[in-house]
Amino acid sequence: MLHKKHRESWKSKIGFIFAALGSAVGLGSIWRFPYVVGENGGAIFIVLYLICLVLIGFPVLIAEILIGRTTQMSPFGAFDIIGKAKRWAFSGKMTIVTGFIISSFYSVIAGWMLGYLIQALSGNLNQFQNPSEALSYFQALSSSPLWTIGFHFLFILLSICVLFSGVRNGIEAGSKVMMPLLILVLLFLVFKGLTMDGAKEGLTFLFSPDWNEITPKAILMALGQAFFTLSLGQGTMVTYGSYLSKKEDITGSCIPVVILNTVIALLMGVAIFTIVFSVGMTPESGTALIFETLPIVFSQVSWGWALSILFFFLIVLAALTSEISALEPAISFLIDEKNMSRKRATLLIASGAFILGIPTCLSFNLIKNQTLFGANFFEIISFISINILVPVGGLLAVLLVSWRWGMKNAFKNLGEKFTQRRPILAKYFFISMKYTAPALILLILLDLIRSSL
Ligand code: PHE
């Protein structure tokens, strides 16, 4: 298994930061974050989310990057080497499969965004009178198998183009261009939002917490969001860590990723809610927030056409850098363990993700009503992967580091004299990796079992 051949690596620390940030910022931060904030009380949810990032997100991210960086292997080999047992290697494999499954339906949703970008370009998104009109428009598009499958296919093709070029010239170079571009577009949208009439109301909703609104559901949603947004629990960060050179400082590379990811999500919140309040809409529109309300916004403001194009362009870029990060663990597994070339591995995995994504495409039209326990194919596959496999994968990674390998080894590999140089950080990692993060993840899983009984 351990044939050593030249392994790809990031060119620089900044390259790693952009790639990891590209993975983190995606549909989760741009499409999901605003609507869960809207549904869970606004500012108070943001406070809970920040607490979860500190207690779970950051420590699990460090654990995953550390596993990858130390072993310089895909999650399968990495879990195997550190866990020194078959069952740990199996856990590593499970995280790879999780990433692959997620990539299959993530691409379908991202495909809608690509489809909407084309709609925006054709000037179709800035002429609606009310949200129900916008919703029917979305339903008309997504009820066509050709539309959903076609854009899923195109999005996979885009991902292949980036992945073909490898770690440095594809993922790193792509993220380095796409992330700053995305931040630029986002800043423009924030500026637009802040200069609208309801800006103040939007900012109050986002930033002045009402402590009475804390609910158990909001806490769980905040935990889930912290996990998903950092691309944890499914091999991505282990794989990205494996391309990080041993001389780079892990904590120093990860802190900017977490901070920037949070700032981008918050900016997105500002952009969305200043606009939503300005046009007199409610913040609780749920998953349809983008498709139902934004086209109305585009129709009401001047420059709506340009804004709609910019907006969907931004989401497509963000989703692309995330999609490639969900596919990469499986590709890296085939390169490491099966000695496959990058091109072949990419084609194989991406075709697999395309095929597995087809039933998801059809879940919005042809097989919408074919359900098992009341849920259709997409609902089942996304629930199993995001709500079960991802938390389990993250739990395994952090347990592997803190209990199986031991914190002593972890600190040794985090950097020379880590505990002496960074005593506070070391204490925080010790407590969070060993106790708080695993306990809280278990809590999410238990609540899940309770609520589905
Ligand atoms: N972090 C991504 C987002 O916020 C989601 C993702 C998870 C992407 C796992 C890749 C892998 O959209």
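Ligands are counted one by one from 1 in listed order, and the atoms in each one are counted from 1 as well.
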Under 3.5 Å: N/O of [X] near N/O of ligand 1:
X	value
L27	yes
V25	no
L230	no
S23	yes
Y106	yes

Heavy-atom pairs closer than 4.0 Å: do any link ligand 1 to the side chain of Q234, the backbone, both, or neither? side chain
I need the contact type for A24 against ligand 1. Using non-hydrogen atoms and a strict under-4.0 Å cut-off, is it side chain, backbone, both or neither?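 Backbone only.
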Atom 5 (C) of ligand 1: which of W31, F228, F33 has the nearest heavy atom?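 Heavy atom nearest to atom 5 (C) of ligand 1 belongs to F228.
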Using a 4.0 Å cutoff against the non-hydrogen atoms of [X], which atoms of ligand 1 qualify?
X	result
G28	3 (C), 4 (O), 12 (O)
S29	4 (O)
T229	1 (N), 4 (O)
S325	10 (C)

Please work out which of the three classes, parallel, tilted or perpendicular, describes the rings of [Y] and [X], given edges at 30° and 60°.
X	Y	result
F277	F205	tilted
F298	F312	perpendicular
F138	Y116	tilted
F45	Y49	parallel

Less than 4.0 Å is my threshold; does some heavy atom of I102 fall inside it relative to ligand 1? no
So if I apply the ring pair (Phe, Tyr, Trp, His ring centres under 6.0 Å) rule between H152 and each of F354, Y106, W147, which one comes out positive?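 It is F354; the other options fail the test.
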Return yes when atom CZ of F164 has more than 12 non-hydrogen atoms of other residues, nucleotides or ligands closer than 6.0 Å, and no otherwise. yes
Kindly check if the number of other-residue, nucleotide or ligand heavy atoms within 6.0 Å of CG (L146) is above 12?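 Counting neighbours around CG of L146, 12 or fewer heavy atoms of other residues, nucleotides or ligands fall under 6.0 Å, so no.
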How about F16 and Y240: are their ring centres within less than 6.0 Å of each other? no
Under 4.0 Å between a Lys/Arg side-chain N and an Asp/Glu carboxylate O for D249 and K13?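 No, this pair does not count.
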Salt-bridge test for E8 and R342: reply yes if a basic N is under 4.0 Å from a carboxylate O, no otherwise. yes
Considering heavy atoms of the protein only, find what lies nearest to atom 6 (C) of ligand 1 and give residue, atom and distance to 0.1 Å. S231 OG, 3.8 Å
Considering only the protein, which heavy-atom contact is closest to atom 8 (C) of ligand 1, and what is its distance?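 Residue, atom and distance for the closest contact: S322 CB, 3.7 Å.
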